[in-house]
Amino acid sequence: MARFLVALGALCAAAAGASAFAHADGASSTLGAAAQVVPNSFILEVDASAATLAKRGLTPFAALSRTLAAVEHSGYSHTVRERFESIPDVFHGASIQVADGVSIEDLQKIEGVKRVWPIRKYQLPRDPVDSISDYTFQPVASSLVARSKITISASGQVSKKRASTLPPASAYRGSTFYPHVQTNINLLHNAGYLGQGVKIAVFDGGLDYTNPILGGCFGEGCHISFGYDFVGDDYDGDNSPTPSDDPFATCTTHGTHITGIIGALANEYGVVGAAPMATLGHYRVAGCNDFSADDIIVAAMLRALAEDVDVINISLGTPVGFLNNSVTQIVAEYLASRGVHVVASAGNDRTEGLFFSNAPAAGFSSTGVGATDVVNLPAYNALVAGRDPIPYTSPTPFALPGQYTLYFTSTSQTPANDACTALPSSTPDLTNRVVVVRRGGCDFTVKQKNVGAAGGRVVLIANTQGSLTIPQLNVGTSGLTAVASIRYEDGVKLLEYYNASPNGQILTFPSGPLVPNVRETVSGGTIAYYSNFGPTNDLYLYPSLVAPGTDIVSTVPGGLGIMRGTSQSAPLLAGAYALILAARRSENLTPTQLRGIFQNSAKFVPNAVGSSALETVMLQGAGEIDVNRAFAARTLFSPSAIQLNDTANYRQPQILTLENRNPYAVTYTFSASYAQNIVTYNDGASNQIIPSTVPDESNYKVVRTTFSPRELTIPAGATGTVSIRMVAPGFSPADVDRFPLFSGFVNVRGQSVINKRFQTFNVPYFGLGARMVDMPVLDTTDVALGPRLPFIAVGEDILAESAIVIARNDPAVVYFRLAAGTRRLSVDYVSASLDYDSTIPSVTNPTARMSKLAKRATPALYADVPTVGALFRPDYFPPRDNLVRGPFGYSDYELPLNGTFTENGQTTTLPNGESYRVLIRALKITADPTLSSSYESWLSPPFSFSG
Ligand SMILES: *[C@@H]1O[C@H](CO)[C@@H](O)[C@H](O)[C@H]1NC(C)=O
Ligand SMILES: *[C@@H]1O[C@H](CO)[C@@H](O)[C@H](O)[C@H]1NC(C)=O
Ligand SMILES: *[C@@H]1O[C@H](CO)[C@@H](O)[C@H](O)[C@H]1NC(C)=O
Ligand SMILES: *[C@@H]1O[C@H](CO)[C@@H](O)[C@H](O)[C@H]1NC(C)=O
């Protein structure tokens, strides 16, 4: 056996709290990225198709009861978690909990069962990875409450049940709320389109509707007029939910913030919702620790359908990789077929690299939303007597009475470590001064404490050149009254004033609305550093679109606060959908039509501020939403995105259908533009099979495009087609090995034949310059754990070739990871003498190619490989493992090997002394699951059991 003590350091560093060896006693196992399933629990869908029901002479409800009785009758005693009985009839079934060892296959055999899924757990999106080391984000709610700055309306304490009078449409005219200016939502508001008559349900962790900006009450007649709590505070995904009629919650901030992005009522801060006159509701699907599960989400989706909801926005996600895989993806499709628009955030895991799609954001008909950085910052003005005001970024104005003079802790323009140590005793009385401190050298909290300790009350932290402006700071325990940040250029200006006349500057902090046009010059308008990469493993576009998601001010329990993430961009889009649905009501737009209208009227996102190069479609999807263009877009494209697929399945020509909904004929002309290429593996898959966390964007390759016809005139109300031939760029073998994705836009100009007015549209395209079937699936590197994967270890010892005896009470552990998603994974005990020629050598350590078993004959069919028993055979398509920061930290599979397994409800213990191996098989992405040659595989060294 090879020892791998050296690896331990690497392991602890990489494993972020989930040390592989914590599990080496066999007490528990870890099961990869999305395998947080509720144990022994399944969702059954019953066959409630009209034909089957007629044949069986049953109603859908009776069919469900019959089927559950049949489950019991087949010997699988169970408890029902949730019943799904939908009207209209889209999905009938139940989630049930059964005894150990009952498998999906067992349940699938029961009469009346159509399909069975495991129940996955979900977590509300986490705050994005922080790229700024000294950023100290504290809970907005508590800081606001502590500062009690928010007395939003004169109504004071609002009773939970009292209906409020809502502001009229005119209250939204002339808004300059920065995310709305960026997306032209304000133009629709000016025209009186505010989402009237559209019903939106937010799925989240509960909300504080007593916040006056959300209307102050709940229920009919209130701004938040409908909803339900499916879970209760203590729900954690595994335990029993305690539902109630009231979605109120203040234990998390997320749901209140998202609701405000859609529905914030007009107020003196200038923070308004995207569709503030829509009918707004909240389904609470996560408890205070932010966990939910598939069956809760399905129940909420079906309730949304029953309550005639038009748009649902789902704030949870779990990695999936493929379309049509998880039950929430499939129910989302059912809902879409009934006209419900499902909007979900794309995820905050850009650092995981390409091919990282989440459910239910990834869907044929749902909209997955990525995030951009805001072009303008949330800021209020500090007035400087006799000069231009200086904007400071903060969720609310300081609203401090009195006048302040300036003080700089350093009069140099570029001090190092400004205010990182105690201020000198020569520091003047700071009580009535605004202390300006420059960023850098230590945490903001250290600077704040030092100023507070010297008697300071108000601090402005000036950014350094090129640094991201911090939109929200908290006074914490510093003793300060107020703290905010200012832009670099404003710090420079203030210091000039100060140096000219140290005591001559008078500053005041009046209350008042957000000030417009405070530019974010570092990354404003580009893709947020956290927003997920697509595409899906089946090469569908992901995300669908992007919208502003960084530094968004919205409601929090008790006030206003700033949050960021794709959780913030998705509700903005949900609100934008409501505006267009209301404004174009007579068209009865379907979910795919509405998504297409937004996609094809979206704005290009550049790869950097001021750059003319376009960001890859794998990050921007169809681009950033422009609601005004979506309102005006009367040409519908099908498909709305051109998905060229990989080199093995390259699809061309592509036929694009245009539907002219204008009351006049339009002549369309076509051209193509290019976005950045991006590669999945910087060094090539033969060297480094884990997708790059910083994909290389430098590699430009151009697609040659021809259109036939090149110009097309379509009469009013008619459709026409154009055939598009796109010659994929020629990639060198080294480039192919890096799995390059090329992308861009087909640009369409449509000109009216009567008045020469025109509109432009963009249809995104992308393709892979390699074959998905070649994408490595099993991780064989040492990147994650230290030793090369896969391997079996007893304690810290890795099995080598010689047969060993595993003591059952000190079990070995099988370690492996998925470097890519797969549609089938199986881990089995097999006889040591099995004939199988695995793709990965049995002994992977200390070098990659220690030895390969003598060439053996592998049965041609997957199903013909004789196995002794299953260690792990998931019932879903396992996504690729997290390397950087999964919902549960870094992820891998660690399966204890004790010789006992359960199959078909039967527990089997392998006899002592017999010799076995473990066989791992993972299906290559587009390969035929029936063939052995379609799998990457690893056959372990032999072992036997004792004890
Ligand atoms: C998605 O899955 C459902 C259920 O398996 C199936 O009926 C449907 O055809 C699938 N849709 C697509 C587009 O593959
Ligand atoms: C909308 O969906 C996104 C992504 O799933 C989520 O983060 C956000 O909380 C949701 N907003 C609403 C209104 O549900
Ligand atoms: C790409 O091709 C694969 C293999 O045929 C298929 O499964 C997948 O659905 C295709 N993707 C798209 C977007 O057409
Ligand atoms: C053996 O491992 C299985 C999981 O593979 C586990 O369910 C079982 O409890 C373990 N048995 C013992 C005796 O540790």
Side-chain angles (χ1 to χ4, degrees), residues 320-326 329-330 332-333 336 346 354-368 370 532-545 591-592 595-596 599-600 616-622 637-657 675 678 680 703 721 723-729 731 736 739-746 763-777 820-825 862 876-880 922-931 933-936:
V320 288
F322 296 88
L323 293 195
N324 221 10
N325 171 25
S326 76
Q329 283 172 308
I330 287 171
E333 294 301 327
L354 286 137
F355 293 98
F356 211 79
S357 60
N358 281 349
F364 294 106
S365 326
S366 51
T367 304
N532 273 35
F533 277 109
T536 68
N537 292 335
D538 22 29
L539 292 173
Y540 283 84
L541 182 71
Y542 188 91
S544 315
L545 286 157
T592 43
R595 183 180 65 185
Q599 288 181 312
N600 303 131
T616 171
V617 165
M618 266 36 73
L619 277 176
Q620 68 166 307
F637 294 82
S638 176
S640 59
I642 295 175
Q643 301 162 136
L644 294 162
N645 220 318
D646 64 6
T647 50
N649 300 285
Y650 197 71
R651 299 212 3 234
Q652 79 161 336
Q654 296 272 340
I655 307 296
L656 191 62
T657 301
I678 194 139
T680 311
V703 179
T721 60
S723 169
I724 307 174
R725 222 162 243 292
M726 303 193 121
V727 180
F731 289 103
V736 171
F739 282 66
L741 284 139
F742 55 91
S743 62
F745 295 87
V746 166
V763 181
Y765 68 80
F766 74 98
L768 175 69
R771 307 187 318 161
M772 283 309 283
V773 74
D774 296 331
M775 181 172 274
V777 175
T822 175
R823 287 177 294 128
R824 186 185 274 171
L825 172 68
Y862 171 90
Y876 46 85
F877 301 169
R880 100 176 151 71
L923 181 61
K924 291 188 263 184
I925 290 175
T926 51
D928 177 352
T930 63
L931 304 178
S933 57
S934 298
Y935 290 79
E936 288 186 7

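Just follow the structure's listing: the first ligand is 1, and inside any ligand the first atom is 1. Note that these values count all heavy atoms, side chains included, but never hydrogens, waters or copies made by symmetry.
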Structural part of M772 in contact with ligand 3, heavy atom criterion under 4.0 angstrom: neither

Contact bool for atom 7 (O) of ligand 3 (protein heavy atom, d < 4.0 Å): no

Measure the distance from [atom] to every protein heavy atom, then report the residue, atom name and distance (to 0.1 Å) of the closest one.
{"atom": "atom 13 (C) of ligand 3", "answer": "L539 O, 3.2 Å"}
{"atom": "atom 1 (C) of ligand 3", "answer": "N645 ND2, 1.6 Å"}
{"atom": "atom 11 (N) of ligand 3", "answer": "D538 O, 2.7 Å"}

Aromatic ring pairing F742/Y650, orientation class (parallel under 30°, perpendicular over 60°, tilted between): tilted

Proximal ligand 3 atoms for R651, defined as those under 4.0 Å from one of its heavy atoms: 14 (O)

N or O contact, N649 vs ligand 3, cut-off under 3.5 Å: yes

Within-cut-off N or O pair, Q643 and ligand 3, under 3.5 Å: no

Among I642, V746, V617, L545, the one residue meeting side chain to side chain contact (heavy atoms under 4.5 Å, CB included) with P764: V617

Nearest heavy atoms of [X] and [Y], plus distance in Å:
{"X": "R725", "Y": "P653", "answer": "NH2-CD, 3.5 Å"}
{"X": "I925", "Y": "A820", "answer": "CD1-CB, 4.0 Å"}
{"X": "M618", "Y": "P535", "answer": "CG-CD, 3.6 Å"}

Cation-aromatic face contact R771/F739, 6.0 Å, 45 degrees: no

